[in-house]
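For reference, the structure is listed below as structure tokens.
Ligands are counted one by one from 1 in listed order, and the atoms in each one are counted from 1 as well.
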Amino acid sequence: MATGLGSDAGITDLGQVIGFLRAAAPGPADRIAAALLSRQGPGHQDHGRNGDVMADQPHHLAGADTRPRTADRALRQRASVVIPGGMYGHQSAVPLPPEYPQFMRGGRGARVWDADGNSYIDLMCSYGPVVLGHQHPAVEEAAAAQAALGDCQNGPGPVMVDLAELLVETVQHADWAIFAKNGTDATTICCTIARAQTGRKRVLVARGAYHGAAPWCTPRPGGTTPQDRANLGYYTFNDLASVQAAAAEAGDDLAAILVSPFKHDAGYDQELVVPAFARGLRELCDGAGAALILDDVRCGFRLHLGSSWEPVGVAPDLSAWSKSIANGHPLAAVLGNDRFRGGAQGIFVTGSFWFSAVPMAAAIATIGALRAERAVETMERAGRALRDGILSQAQSWGLEVNYTGPVQMPYLTFAGDTDHALASAFAAQAMRRGVYIHPRHNWFVSAAMTDADVAAVLAATDEAFAAVRKQSTAS
Ligand code: PMP
């Protein structure tokens, strides 16, 4: 089922891969990538631009994957008939090594099970939404209690006001809240509010940053028009001069600067924000009368129980939230200050399911549990143990790696591994050993990770490093 070198090429064994590589391009380990890419054919996409790293990747691995895959294979077969491409979007397992199941059965705490019942310690957390662990009892109880009353009705439940009040109390810069369903809704609404309030068009975004899948921000241009992006300007994250240049170009048409709490473009080493850069954006927006918009969709409530830039000391005017605010229940929020209340009031935004009460009840319970369980500290503690263990393992295997980003949202790359061939091999080996990580996207440590989970992850990563070491020396 998977594409790329591996099952499609009929190569499942390291010996075959090495032989293939030697024939294709004898040389050091970091040339494996080029050799594999060159054999991928015309369907291969350049993933190095626009953060589009979810395209097909090379797979090559030692040994065989012995975990059951029958149910997943059957589901993929059926899906290939009734779902375009078999699957779409960031959760498509098609570009991933064959060790990745497409279909998941369930999860509890820090553990998830695939359709075949294989178990994994979860370091992807549904790509962010699960922050307290799967099926958190207090969250599920609150959701069930609300569901027993009603979810989708002719008006929102009282929980909408309770949640808006709780968010305004929890997030310093917020004076009001609007709710939606997805991160893309939230970032798009932020831009709309900024334009409505300022009467201007231009929004500056960091090159390569991901803000969602709508035509104005999707990393893949298929089906979009140049006009969809006509009112964007671009800057480089942490480079204030580049923002100033883009702002100067926008002139008196600058509506907003949109920024992520740190640079977390998929497939690249992550970069924490330089506080002077964040302060510089604030000053620039103040000087120009534009909105500073923080895209807290991925980081929100993982780095801090408040806006992710509160520890940096910079308050945005508007912020976009989703992912973890309801621990896996579908909800997004736009939070804003009083300066932008008028703009927020003047636009028309809505959705059939945007008022449903169950996710709002879940969000209230999530925020309560995040606070009661000191979840951010718990994630940091587990994240630090993971980082320290992984870095010492890499060193002991003589592998040069970069482990970047906040410890609760880390990302691992191998030196010279520009097409993620080694990262894919590492991740696939970890998957075989029941640790769910991703080769081209940052990982997520949930607050459900116990010391025993961290130890189990490290036992698997040590063996995964051993396999990568073997592979790189064999070449
Ligand atoms: N912004 C950021 C920073 C994100 O990580 C994401 C989702 N990965 C989005 C926006 C879009 O969120 P959604 O997929 O829920 O629309």
Side-chain angles (χ1 to χ4, degrees), residues 47 50-55 87-92 95 123-131 178-194 203-220 224 228-229 232 237-238 256-268 270-273 278 292-304 307-309 316 318-335 349 351 353-354 356 359 362-363 366 404-406 408-411 438 440-445:
H47 58 276
N50 300 323
D52 186 10
V53 294
M54 312 306 261
M87 193 51 58
Y88 45 84
H90 68 290
Q91 289 200 352
S92 170
L123 279 168
M124 285 311 291
C125 296
S126 178
Y127 292 73
V130 175
V131 63
I178 287 176
F179 298 104
K181 282 291 125 191
N182 288 290
T184 310
D185 299 337
T187 54
T188 305
I189 293 169
C190 284
C191 295
T192 310
I193 292 172
V203 173
L204 307 185
V205 297
R207 248 176 238 102
Y210 187 74
H211 295 296
W216 70 269
C217 54
T218 174
R220 299 194 194 171
T224 68
D228 292 320
R229 288 160 193 268
L232 296 182
F237 192 87
N238 270 342
I257 299 175
L258 174 58
V259 65
S260 312
F262 68 93
K263 188 176 174 205
H264 47 42
D265 307 352
Y268 294 91
Q270 306 192 107
E271 216 179 286
L272 298 183
V273 69
L292 179 59
I293 305 172
L294 188 67
D295 181 351
D296 233 333
V297 169
R298 197 179 308 182
C299 305
F301 293 161
R302 275 204 140 77
L303 308 185
H304 180 71
S307 152
S308 294
W309 273 9
L318 300 165
S319 55
W321 301 72
S322 189
K323 299 244 186 228
S324 67
I325 59 172
N327 201 50
H329 289 265
L331 190 66
V334 170
L335 305 182
V349 282
F353 301 99
W354 285 17
S356 76
T366 298
T404 53
Q408 58 273 57
M409 296 174 67
Y411 181 54
H438 199 290
R440 299 186 304 282
H441 192 290
N442 73 270
W443 311 342
F444 298 89
V445 175

Closest non-hydrogen atom pair between G212 and T184, with its separation: CA-OG1, 3.3 Å
Ring centroid separation H438 to Y127 under 6.0 Å: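 They qualify: ring centres under 6.0 Å apart.
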Sub-4.0 Å heavy-atom environment of ligand 1, residues by chain: N182, G183, T184, Y210, H211, G212, H264, D295, V297, R298, K323
Expected output: side-chain T187 to main-chain H211 donor-acceptor under 3.5 Å: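 Looks like yes, one N/O pair under 3.5 Å.
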Plane angle bin for F262 and H264 - parallel if under 30°, tilted between 30 and 60°, otherwise perpendicular: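 The rings of H264 and F262 stand perpendicular, inter-plane angle above 60°.
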Pair S308, D296: side-chain N/O donor-acceptor within cut-off below 3.5 Å: yes
Matching residue for I293 among V259, V334, I193, L258 - test: side-chain contact (heavy atoms from CB on, under 4.5 Å):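 One option only clears the test, and that one is L258.
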